[in-house]
2 protein chains.
Amino acid sequence: MPKGSPKVAVDIVIFTIDEGKLKVILIRMEKKPFTGKWAFPGGLVGFKESLDEAARRDLYEKTGVKNVYLEQLYTFGDVRRDPFSRVVSVAYVALVNKNRIKKLTTTAKYTGIDWFNMAKLPRLAYDHNKVAKYALERLRLKLEYTNIVFSLLPRYFTLAHLQEIYEIILGKKLDKRNFLKKINSLNLLKKTRKLEKGAHRPARLYEFRTRKPRIIEIL
Amino acid sequence: MPKGSPKVAVDIVIFTIDEGKLKVILIRMEKKPFTGKWAFPGGLVGFKESLDEAARRDLYEKTGVKNVYLEQLYTFGDVRRDPFSRVVSVAYVALVNKNRIKKLTTTAKYTGIDWFNMAKLPRLAYDHNKVAKYALERLRLKLEYTNIVFSLLPRYFTLAHLQEIYEIILGKKLDKRNFLKKINSLNLLKKTRKLEKGAHRPARLYEFRTRKPRIIEIL
DNA sequence: TTAGTATGTGTATATAGTACACTATCTCAT
DNA sequence: ATGAGATAGTGTACTATATACACATACTAA
């Protein structure tokens, strides 16, 4: 029978592409049970903010960016996931363009914040390795039928650049011609006038038809 | 900035098939802002139970059934979703076989509990019409690549019966031959010796290869 | 024996996904 | 001016999956 209620927090898996790798932001914990361990950033949800707002606020505090793709992932509520306190955590996934981030900042409660290669995460605090696994699955799935990568790209980009991002996230090589067919079938892109320097044939630049999150099929 | 923390509740969309319709359990509220309105059953999460446990407990209290399909759906956390209190609600979806339920019971806080046709829901309390929409989408989606309907069927059943349930949930007629092809490709069923009375050719009975929730593809 | 009723089954077509290689266009070096 | 180097851009054949569609079969009951 319920007596008292758990606390509510949000945790955010903030993805970016950097140096040809899929990376996430982690913060280093100072508090007792997890001293020195890394975890996804997050914090308690205030009385006067929705879950989405709490996630957006935390993302802004850490990275200084707004208007990126942000989606609720799953809610983790095991009793012992935080050994000293009962906290239910609503996990979110965010996608940010690394160029738009000047500096990562965190509060005094933490002793560090940095980008980590998603493929080589250390053992994380709480149940955050499970969170990471869910987040990657969801990201890969959504890639197939939405335009969510717009958050990872500049306004104008080449097909090769777009394909590279897909390859990094999916963790496998794609065929150029089949990739174009798929992207075309989703009807996400608009051609522009070509640009792109380089000691070779210049590539045409594309832009997204819309830079708002747009679901192509049912979720 | 967070000050205090919202309360945490679970709400459960309990589906069944009855009289050829997809139905859900609703309870009638007594408390002030929603007096007389119907809502999905649920309640606050206790300090010593996980979210899943809270959902399972509530399902058991209302219906007396255990061991059915139960899945977390989404977490609703708008500030004003409950006008008098700040409650974050983790919504769950459950599938139960109506035959296994003797009686619906609820606590003194509510003035009624009953089954409602999912296709004709009244205006519900809180944000529960949105919850209903999400739940139906998820149910339809999961139907396509999992064995979750096992919770809605007896141990032995005919293909016609199985197909009928799919048709009710999806809200459209299916072709018998194509349906069989699809079910076979999922490799969910085992043939048994035929039975089934009736004034016509008797139908072969099938059973599920396994009656645990089993994901066929990635979620 | 027959009428009635639901079962059980196969093929042809359309659509989506995958495998696969060569020509075109530019820059830079000579 | 020419050629080497480098990446861009493009089409077809094959496979797998999804859809449309109709008739013979096996039982019960009169």
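Just so we're on the same page: letters track the sequence lines, and every chain starts at 1.
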Starting at atom [atom1] of [X], determine the distance to atom [atom2] of [N], rounded to an integer number of angstrom.
| X | N | atom1 | atom2 | answer |
| --- | --- | --- | --- | --- |
| A:Asp175 | D:dG9 | CG | P | 15 Å |
| B:Phe179 | C:dG10 | CZ | C1' | 18 Å |
| A:His200 | C:dA29 | NE2 | P | 14 Å |
| A:Tyr145 | C:dG17 | OH | P | 14 Å |
| B:Glu196 | D:dT28 | CD | C1' | 13 Å |
| B:Lys172 | D:dA18 | NZ | P | 12 Å |
| B:Leu195 | D:dC27 | CG | P | 13 Å |
| A:Gln163 | D:dT10 | CD | P | 14 Å |

Just call it for [X]: base, sugar-phosphate, or nothing, with non-hydrogen atoms closer than 4.0 Å on any strand.
| X | answer |
| --- | --- |
| A:Lys181 | base |
| B:Lys176 | base |
| A:Lys182 | nothing |

Could you check if a side-chain atom of [X] sits within less than 4.5 angstrom of a side-chain atom of [Y], using non-hydrogen atoms only?
| X | Y | answer |
| --- | --- | --- |
| A:Glu207 | A:Leu189 | no |
| B:Lys130 | B:Phe76 | yes |
| B:Leu104 | B:Trp115 | yes |

Given [options], which nucleotide is nearest the side-chain atoms of [X]?
| X | options | result |
| --- | --- | --- |
| A:Arg201 | D:dG9, D:dT19, D:dC27 | D:dG9 |
| A:Asn178 | D:dT28, D:dG11, D:dA8 | D:dG11 |
| B:Pro202 | D:dA22, D:dA26, D:dA29 | D:dA26 |

Worksheet item: Quick one: are the ring centres of A:Phe34 and A:Tyr126 less than 6.0 Å apart?
Response: yes
Fill in: Criterion ring-ring contact (aromatic ring centres under 6.0 Å, His included) on B:Tyr206 and B:Phe157, from CA distance to verdict
CA-CA 5 Å; B:Tyr206 288 78; B:Phe157 51 87; 7.1 Å; no
Worksheet item: More 5' along DNA chain C: A:Arg177 or B:Arg177, using each one's nearest nucleotide?
Response: B:Arg177
